[in-house]
Amino acid sequence: MAQLSDDCFAFGGALLPVEAAQALIAERVPPLGGEEDVPLIAARGRVLARDLRAPLPLPPFFNAAVDGYAFRHADLAPGQATPLALAGRLPAGQAAEAPLPPGATLRIFTGAPMPPGADTVLMQEDARLEGGTVLVPAGLKPGANARPAGEDVAADAVALPAGRRLRAPEIGLAAALGCTTLPVRPLLRVGVFSTGDELTSPGRPLGPAQTYDSNRFTLLALLAGLPVAATDLGILPDRAEATAAALREAAAGHDLLLTSGGVSTGEEDHVRAAIEQGGRLVFWRLAVKPGRPAAMGVVRKGRDEAAEAVPVIGLPGNPVAAVVTFLHLARPLVLRLAGAAAETLPRFPARAAFAYRKKPGRREYVRVRLLPGAPLPVAEKFSREGAGLLSSLTESDAFAELPEDSLAVAPGDTVQVLPFAAVF
Ligand code: AMP
Ligand code: MG
């Protein structure tokens, strides 16, 4: 069971700052254990379970970085061109049979091991061949165009730390170290519910007062980029008992549950009460806009008070609010439970081309389009502000992040923006 503390009730009825919620996750939620070995390619997107120590140095041996001529730098006459006798040829994949004779050079190709004694390579473009000699111009530094063993990764160094999410570069590095499999954490089993009597699934006929459920698909698509095995658990009706029962049941087969909608204060909002009934609420309401009515807690796997519990996050129903709270609450929790190292979403500065007033004490995310500009890109606000506007996400490039203590943004101000390319 993930031990989520409820100390944060110290915040009383106040809104929990986003950073406090993230600190709670980092400090109180233990990663789930377990590991399995998977083939290298299947490890992409997974979380490395143990440090990977380099069983060999990279590169494994001293080698030429260019096609050219290998020689001993000490054989060069200082400050002038030096003729060296061409003494052989060393293609990639072939080891030198004998040390380099004094005053000689060897034709060498990129990736070929340096012959014993040689320490420097002249690029073939800079060489002048005269009969059996190569004229080496002055000015080459010792060690030029040669790659020492271990300059990339030293033998026995931690090449990849436990908790690293494995992307293409990590897969390539593991292959270079000779690995065929990697020990990874099990995929986190995440169940995703929508809630609301007004919702129906795409593919079904749309009743007169109904809208299609979009959050479930947005959330499943967001989860697809994380080390998760997600389950689509459908739409819950706006009924307290059904909500509580569904959470309890789903807790049995999952490591984390996500819901959206039904978490505000209306009589038709049953998620918070269902969490309280089936487990324990850790916090409710974040100091963020859009996204305020977000809840986090645990629900037990069954009615027994002593039963194990799994974390649950109740995301708000409005589609933009669901996305914002997913990114700042659900995503860190997923990474934490999955054993991944904490990640900060990248922000970069942009010049605001809009005026905006906000309440102090909460963080706000404004959807912006980014236009080229110097010295900073220009952030243009999306024309409308509703938390339900799906097109505000498809037609913007980034969230401008307005910190808790700010009161307003004026045109020309520098704002930090969180590019969608980094999160979607
Ligand atoms: P709620 O918090 O349940 O009152 O929902 C707030 C708004 O978000 C309402 O307009 C809901 O119809 C809408 N909403 C809730 N869940 C979804 C969903 N899964 N897909 C699309 N819209 C939703
Ligand atoms: Mg609802």
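Atoms within each ligand, like the ligands themselves, are counted from 1 in listed order.
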Between [X] and ligand 1, which residue portion shows a heavy-atom distance shorter than 4.0 Å: side chain, backbone, both, or neither?
X: Glu198; answer: side chain
X: Ile235; answer: neither
X: Ser194; answer: side chain

Exercise. Got Leu315 and Asn215 here, is their nearest side-chain heavy-atom distance under 4.5 Å?
Worked result: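 Not touching, per the 4.5 Å side-chain cut-off.
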Problem set entry | Heavy-atom side-chain contact between Arg216 and Ser201 under 4.5 Å |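 Arg216 reaches Ser201 side chain to side chain.
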For ligand 1, is there an atom lying under 4.0 Å from some heavy atom of [X]?
X: Ser214; answer: yes
X: Ser260; answer: yes
X: Thr211; answer: no

For this session: Before accepting this row, confirm whether a basic side-chain N of the pair Arg46/Glu36 lies closer than 4.0 Å to the acidic partner's carboxylate O.
Result: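 Here Arg46 pairs with Glu36 in a salt bridge, since their nearest N and O are under 4.0 Å apart.
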Exercise. Is Glu404 salt-bridged to Arg363, going by a charged N under 4.0 Å from an acidic O?
Worked result: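 Salt bridge present between Glu404 and Arg363.
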For this session: Count the heavy atoms of every other residue, nucleotide or ligand shown that sit under 6.0 Å from CD1 of Ile41, and state whether that count exceeds 12.
Result: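 Check fails, neighbour count at 12 or below.
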Problem set entry | Donor-acceptor pair between Arg351 and Thr414 side chains, under 3.5 angstrom |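 A pair is found: one side chain offers a donor N or O, the other an acceptor, under 3.5 Å apart.
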Problem set entry | Protein contact of atom 19 (N) of ligand 1 - nearest heavy atom, named by residue and atom, plus distance |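 Protein heavy atom at minimum distance: Asp213 OD1, 2.7 Å.
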Problem set entry | Among Gly317, Ala322, Gly262, closest by any non-hydrogen atom to atom 3 (O) of ligand 1 |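 Nearest heavy atom to atom 3 (O) of ligand 1 lies in Gly262.
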For this session: Report yes or no: is the cationic atom of Arg107 (NZ for Lys, CZ for Arg) closer than 6.0 Å to the six-membered ring centre of Tyr69, at no more than 45° off its axis?
Result: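 Here Arg107 passes the 6.0 Å and 45° test against Tyr69.
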Exercise. Purely on distance, is any nitrogen or oxygen of Arg216 under 3.5 Å from one on ligand 1?
Worked result: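 Looking only at distances, the answer is no, because the N/O contact criterion of under 3.5 Å is not met.
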